[in-house]
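In what follows, a single structure is set out as structure tokens and then discussed.
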Amino acid sequence: DERGKEVISLINNYKERNLFTIGRLDVQTTGLIIVTTDGELSNIVNSPKFKIPKTYLVWVDKKLSKDMILGLQLGTELDDGYVTKKTKKFKIIYNDDNKVMVKITITEGKKNQIRRMFEAYDRKVINLKRVQVGNHVLEGIDVGQSKRLSQQEMLNGLGVTK
């Protein structure tokens with residue numbers, strides 16, 4: 001939230017002490033985050049080994065060249081030398097001088113990965129929103145709202161069997 005609270009602290013009246021997030025969002029990023037009491041499920045989905053796709057809308061400050069787009073799709077060398085995996089999906093929504101928006105799906109989740117990918121090409125992410133994890137889509141849920149899922153709904157939407 002705008003006061004910098006962690007997601008777990010925003011869940012009111014929850015009696016369960018052991019809550020785990022599936023994925024994480026930095027303080028500047030909005031969007032879908034899944035919270036569960038199932039630590040094993042959280043570990044599975046957070047592990048790059050299972051390749052659970054996460055989709056983001058990214059607003060960038062400057063137009064992307066064809067070479068930049070290709071590099072972002074095939075793997076980007078980050079500031080620490082790590083080369084990201086190939087993106088699962090990459091779609092340009094706008095790429096004009098004053099309007100740049102990309103929809104990108106990745107299957108790993110290094111710290112600040114999306115921001116760092118664009119920074120590698122001297123582009124600044126102005127806004128970042130996660131809109132999908134697995135098959136769970138952020139639709140009809142406003143900022144600060146939540147939706148309760150059954151264990152089976154959660155597993156089905158993540159493509160995980162336990």
Mind running side-chain contact (heavy atoms from CB on, under 4.5 Å) on D38 and M154 for me, showing each step along the way? CA-CA 11 Å; D38 189 337; M154 186 175 313; over 6 Å; no
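- Not counting sequence neighbours, the partners of D61 by the side chain to side chain contact (heavy atoms under 4.5 Å, CB included) test are R123, K124, I126.
- A pairwise comparison of heavy atoms in L128 and W59 identifies N-CE3, 4.3 Å as the closest pair.
- For the side-chain hydrogen bond (donor to acceptor under 3.5 Å, both in side chains) test, residues two or more places apart in sequence or in another chain that qualify with N156 are Q152.
- Scored by the side chain to side chain contact (heavy atoms under 4.5 Å, CB included) test, K88 finds P53, T105, T107 as partners (sequence neighbours excluded).
- With sequence neighbours left out, the salt bridge (charged side-chain N to carboxylate O under 4.0 Å, His left out) criterion links D67 to no other residue.
- Under a hydrophobic clustering in which Ile, Leu, Val, Met, Phe, Trp and Tyr are joined whenever their side-chain heavy atoms come within less than 4.5 Å, directly or via other members, F50 and V160 fall into the same cluster.
- Taken to the nearest 0.5 Å, the CD1 atom of I22 stands 10.0 Å off from the CG atom of N43.
- Partners of Y82 under the side chain to side chain contact (heavy atoms under 4.5 Å, CB included) rule, at least two apart in sequence or in another chain, are L78, D80, T84, K85, E108, K110.
- The side-chain hydrogen bond (donor to acceptor under 3.5 Å, both in side chains) check on N46 picks up S42, with sequence neighbours excluded.
- Distance OG1/T36 to CG/L41: 5.0 Å, rounded to 0.5 Å.
- Taking K62 as the reference, D122 meet the salt bridge (charged side-chain N to carboxylate O under 4.0 Å, His left out) condition, with sequence neighbours excluded.
- Closest heavy-atom contact between L32 and R130: O-NE, 2.7 Å.
- For Q145, there are no side-chain hydrogen bond (donor to acceptor under 3.5 Å, both in side chains) partners at least two apart in sequence or on another chain.
- Taking all atoms of both residues into account, the shortest heavy-atom contact from M68 to Y121 is CG-CD2, 3.6 Å.
- Summarising the hydrophobic clusters (Ile, Leu, Val, Met, Phe, Trp, Tyr; side-chain heavy atoms under 4.5 Å, direct or chained), the residues clustered with L74 are L70.
- Residue pairs meeting the side-chain hydrogen bond (donor to acceptor under 3.5 Å, both in side chains) criterion with at least one partner in residues 25-34, sequence neighbours excluded, are D26-T29, D26-R115, T29-R115.
- I69 pairs by the side chain to side chain contact (heavy atoms under 4.5 Å, CB included) definition with L64, Q73, F90, I92, N95, not counting sequence neighbours.
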Evaluate the criterion side-chain contact (heavy atoms from CB on, under 4.5 Å) for residue pair T87 and L72; output intermediate values, then yes/no. CA-CA 7 Å; T87 60; L72 287 162; 5.7 Å; no
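- The distance from the OG1 atom of T21 to the CD1 atom of I34 is 10.0 Å, given to the nearest 0.5 Å.
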